[in-house]
2 protein chains.
Amino acid sequence: MRPTVHDIADKAGVSLATVDRVLNDRPGVRSVTRARVEAAIAALGYVRDVAAANLAKSRVYPLVFILPEGDNPFMRGLEAEVRHAGLHSAAERTRLSVATVPAFDAAALAKAIDAAIAEDVSGIAAVAVDAPEVSAAIARAHEADIPVATLVSDLAGSGRDHFVGVDNIAAGRTAGSLMGRFLGGRPGPVAVLAGSMRVRDHGERLEGFLAAMSAMPEARAILPVLEGQDDPELSFSLIADCLANVPDLAGIYSLGAGNRGLLAALAERGRSDLCVIVHELTGETRAALESGVVDAVLNQDAGHEVRSAIRVLRAKADGLPVNAAQERIRLDIFIKDNLPAGPDEEN
Amino acid sequence: MRPTVHDIADKAGVSLATVDRVLNDRPGVRSVTRARVEAAIAALGYVRDVAAANLAKSRVYPLVFILPEGDNPFMRGLEAEVRHAGLHSAAERTRLSVATVPAFDAAALAKAIDAAIAEDVSGIAAVAVDAPEVSAAIARAHEADIPVATLVSDLAGSGRDHFVGVDNIAAGRTAGSLMGRFLGGRPGPVAVLAGSMRVRDHGERLEGFLAAMSAMPEARAILPVLEGQDDPELSFSLIADCLANVPDLAGIYSLGAGNRGLLAALAERGRSDLCVIVHELTGETRAALESGVVDAVLNQDAGHEVRSAIRVLRAKADGLPVNAAQERIRLDIFIKDNLPAGPDEEN
DNA sequence: CTGTTAGCGCTTTCAC
DNA sequence: GTGAAAGCGCTAACAG
């Protein structure tokens, strides 16, 4: 059997309480005693049973996820993952809740963060908007000793404790690289559809994409970025116009969440010879991939992100270290052939 | 606070023991009583605290992983993941061990399975070799009521309880699809390097690859499969010969673990214009991807597989259902640009 | 058939 | 500074 606190207490000739104090690094133990206990711990090769510890603590950790509202399928997927995790979270003594705010709305986001602070939650995960109000709100959370993790879109320099999401520059590079290879020698310019340059992930993806495209053997024109605000109608008309005005268009990179409008415009125009690369695997993009309208989908696994955010916030709340390498979210490439069978999965 | 067994007992007017019997579906409860308890459970929306249950049971689940020995980096990676999981497994009351057997050796594998049965482990995960001895050993495990999961390479029809691994036909298709797109109109035949047709995953990958290649717009010759036994030297000489004899070779698909030999032969020959697609992200293949020698790496996440195998075996040992969709292992595509930063990661 | 009681490994008052 | 004892939510003997 694995050694327990009792074994340590016996071996060190102290009581359980003292062992616990040493284990949890609490004050009120003479350094000699502490040393004796630590020796016993080392000698026995003790490892704490976290489950039992949590049970005894019976502390709950209320965490709040702040997500953009609206019909952005990726965000709704994230929300679903939070709710799903909520079912299992009981065992982890975590209570999850979701707050939604208008997309790209810095003031609303800041307000939601303040509300969470007021509720004295033990952690906040939020899809950041790049604005000073938001940074200020995060700073207030920090002051209230509430850990904050940015989700999907980062806000470095805001003092957030952790970023949960993919390397968006690398994501853009990946898109550019695939686009270049898939197009090969085929001529024609490429269009880019973004949501808004006010979220950092979109800007970073663009940056990576341009870098990769310009590194390709064949030079290729990139049209000015179309900002569709992740809005289906606006995205639709921007792409429709582009298709009409640029007959020799070779490809489209959709780096935001305007896929519904994009796909509608493509369907209307009936152009299937384009190389199309989009982000986020949703019901729509999956169908488009299967039908051949889209050539590749770059994805960040919402389930992984949610679980990572929970682990990180809990660790921060407990003052435990985070294994950054372990919490890295990777970028998935999907083509028609490696689509996972189910609409959802978890590992 | 969440309802507990005590609340149920109160509400139903019975004792804890009876609640426990109902909860765990044990005999010895009148159906009227059972119904009353079940009503209370439903009314309170009770969900069991698994951690507490495990603590109380203090039962341990010894699981054994049987892996091919040798310097196959993917297999060593799997082994490392098992050991890594072993550290955290304590909390899950699981004790993990690894047994290694010669690669592609059906008799040795069967013997290892029998040894595990003799030790009365509560679950076995093994990389299957396609042979009747192995099927027979799995059948004996089944008879001893020990769940068996095949890992990486399946053995359907053997009565194994579960397969943990990717859809290898889809993996081959993905390789073919990428190979076709990356080559575009470039002429020349493609070579395939396998380990052995005695493991099902290799056969299935080949099948998928051939199907995808033949579905490409440009017809392309596929050379006869080279079987390198996942041996560096043999793989090296097979590829070296091929490079020498087929000057217009356009690409190579390495569907087994012969990558070290393949890469050595490519380095010696100095051919970097080939389209090379390999399986499994290891230190070697990662370096080759970064240097541009390899164009894409198809990967199955060893960490996910190990954790999935553990969950599945534990569930089977407890007679609990497995959510198949949740345990699906997906096929990762890596190109230079979306390589994860660390050598290892976990989600 | 049902209830009582004593833990699982750890934390936490509250005395000493 | 240190220790004794109660209890987290659940399970498992053993009585009745």
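Lettering follows sequence order; numbering is per chain, from 1.
- Under a 4.0 Å N-O distance rule, the pair Asp20(B)/Arg26(B) qualifies as a salt bridge.
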Going 5' to 3' through nucleotides 11-16 of chain D, assign each nucleotide B (protein heavy atom under 4.0 Å from a base atom), S (under 4.0 Å only from sugar-phosphate atoms) or - (no protein heavy atom that close).
-> BB----

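- In this structure, His6(B) atom NE2 and dG7(D) atom P are separated by 10 Å, rounded to whole Å.
- Taking the ring axis of Tyr61(B) as reference, the NZ or CZ atom of Arg59(B) stays within 45° of it and closer than 6.0 Å to the ring centre.
- Chain A approaches DNA chain C within less than 4.0 angstrom (heavy atoms of the protein), and the contacting nucleotides run 5' to 3' from dG9(C) to dT12(C).
- A close approach under 4.0 Å does not occur between any side-chain nitrogen or oxygen of Thr18(A) and OP1 or OP2 of dT2(D).
- In this structure, CG of Leu44(B) is placed 14 Å from P of dG9(D), rounded to the nearest angstrom.
- A salt bridge does not link Arg140(A) to Glu143(A): none of the charged nitrogens lies less than 4.0 Å from a carboxylate oxygen.
- Contact annotation: Ser15(A) reaches the phosphate of dG3(D) (side-chain N/O to OP1 or OP2, under 4.0 Å).
- Using a 4.0 Å cut-off between charged nitrogen and carboxylate oxygen, Asp167(A) and Arg328(A) do not count as a salt-bridge pair.
- With sequence neighbours left out, Glu305(A) forms a salt bridge (Lys or Arg N to Asp or Glu O under 4.0 Å) with no residue at all.
- Each of Gly28(B) and Ser58(B) lies near DNA chain C, and the nucleotide nearest Gly28(B) is the one positioned closer to the 5' end.
- In this structure, Asp49(B) places its CG atom 9 Å from C1' of dC8(D), rounding to the nearest Å.
- Under 3.5 Å, the side chains of Asn24(A) and Arg48(A) contain a donor-acceptor pair of N or O atoms.
- In this structure, Val14(A) reaches the sugar-phosphate backbone alone: every heavy-atom distance under 4.0 Å involves primed, P, OP1 or OP2 atoms, never a base.
- The two atoms that bring Asp301(B) and Gly303(B) nearest to each other are OD1-N, 2.9 Å, heavy atoms only.
- A salt bridge links Asp332(B) with Arg330(B): the distance from a Lys NZ or Arg NE/NH1/NH2 to an Asp or Glu carboxylate oxygen falls below 4.0 Å.
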